[in-house]
Amino acid sequence: MEDRIPVITVDGPSSSGKGTIARLFAQELEWHFLDSGALYRLTALAAERHAIPFDDIEGLETLAAHLDVQFISDDEKGATRIFLEGEEVTDVIRSEVCGNRASMVAAVGPVRAALLDRQRAFRQAPGLVADGRDMGTVVFPDAELKIFLTASLEERASRRYQQLKDKEGSVTLGALYQELAQRDDRDKARAVAPLRPAEGAVTIDTSGIGIEEVLAKVRQLWAQAVDEKNSKRQGRA
Ligand code: DC
């Protein structure tokens, strides 16, 4: 157990800033990064492309189990390019429509189970920062540090609006607010792996605070976790 590969989980609702924070902290530590939401978005996109309806549970499960995806990190930009069946879909899967569809396929238990091993395979030396909804509760329950990021619905809708307004001309703040509220409800209410803070998770409310401030807090929490781990080790030696 002592020498297992360390994991930091960052869970929370859409647009809480968790993706940005998790990615930046992974870069800072020079660790691997898992964007688990991308796997649900890819499953939703593949379902659409293969005309598999959301009520075809077996079809969705098979699709998720055999998803042909590649994550290729673009070191110069610090970004990851994502491919589905050989075609680049990095931007396609970021649309609101795809996010909403992802939330629907994510409520299907067998789809979640089919994606479990694929997510755990990202745990590679020297460490992993994992971003999602159930990273700390289900996928990596033994993580060294668990963080739950939140922000008010108003703030999240406004952040999302700023991100999308140039890309998706038709978005309105009101519609985004409604969509986020619906997606939150669906992610929290589902029977399998609902969105909630893991036991022992530290919750950070990012409303009104900038990325650097959140990152500083995460850095401090990680330093504290490392200290605690070292003193436990010394206590045992
Ligand atoms: O983080 P995101 O917006 O890319 O996630 C898209 C959807 O996928 C989200 O509405 C819920 C689902 N999801 C999930 O259920 N479990 C995860 N670990 C990550 C995402």
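Remember, it's 1-based here, ligands and their atoms both numbered in the order they're listed. Small disclaimer: the values here were computed from a predicted structure and weren't measured. The figures that follow rest on heavy atoms only: side chains count, while hydrogens, waters and symmetry mates do not.
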Problem - Ion pair E96/R160, N-O distance below 4.0 Å - result: yes
Fill in the blank from the handout: From the list E213, R159, K217, side-chain hydrogen bond (donor to acceptor under 3.5 Å, both in side chains) with T206 holds only for R159
Exercise for the section: May I ask you to say whether R49 pairs ionically with E87, meaning some side-chain N is under 4.0 Å from a carboxylate O? Expected result: yes
Exercise for the section: Show the protein residues that qualify under the rule heavy atom under 4.0 Å from an atom of ligand 1, listing them in chain and number order. Expected result: K18, S36, G37, Y40, R41, A102, S103, A106, R112, G132, R133, D134, M135, R183, D187, R190
Exercise for the section: Mark yes when over 12 heavy atoms from residues, nucleotides or ligands other than Q124 sit less than 6.0 Å from its CD; otherwise mark no. Expected result: yes
Practice task
Please name all residues satisfying salt bridge (Lys or Arg N to Asp or Glu O under 4.0 Å) with K18, sequence neighbours left out, ordered by chain then number.
Solution key: D131
Exercise for the section: Considering only NZ, NE, NH1 and NH2 on the basic side and carboxylate oxygens on the acidic side, decide whether E28 and R23 come within less than 4.0 Å. Expected result: no
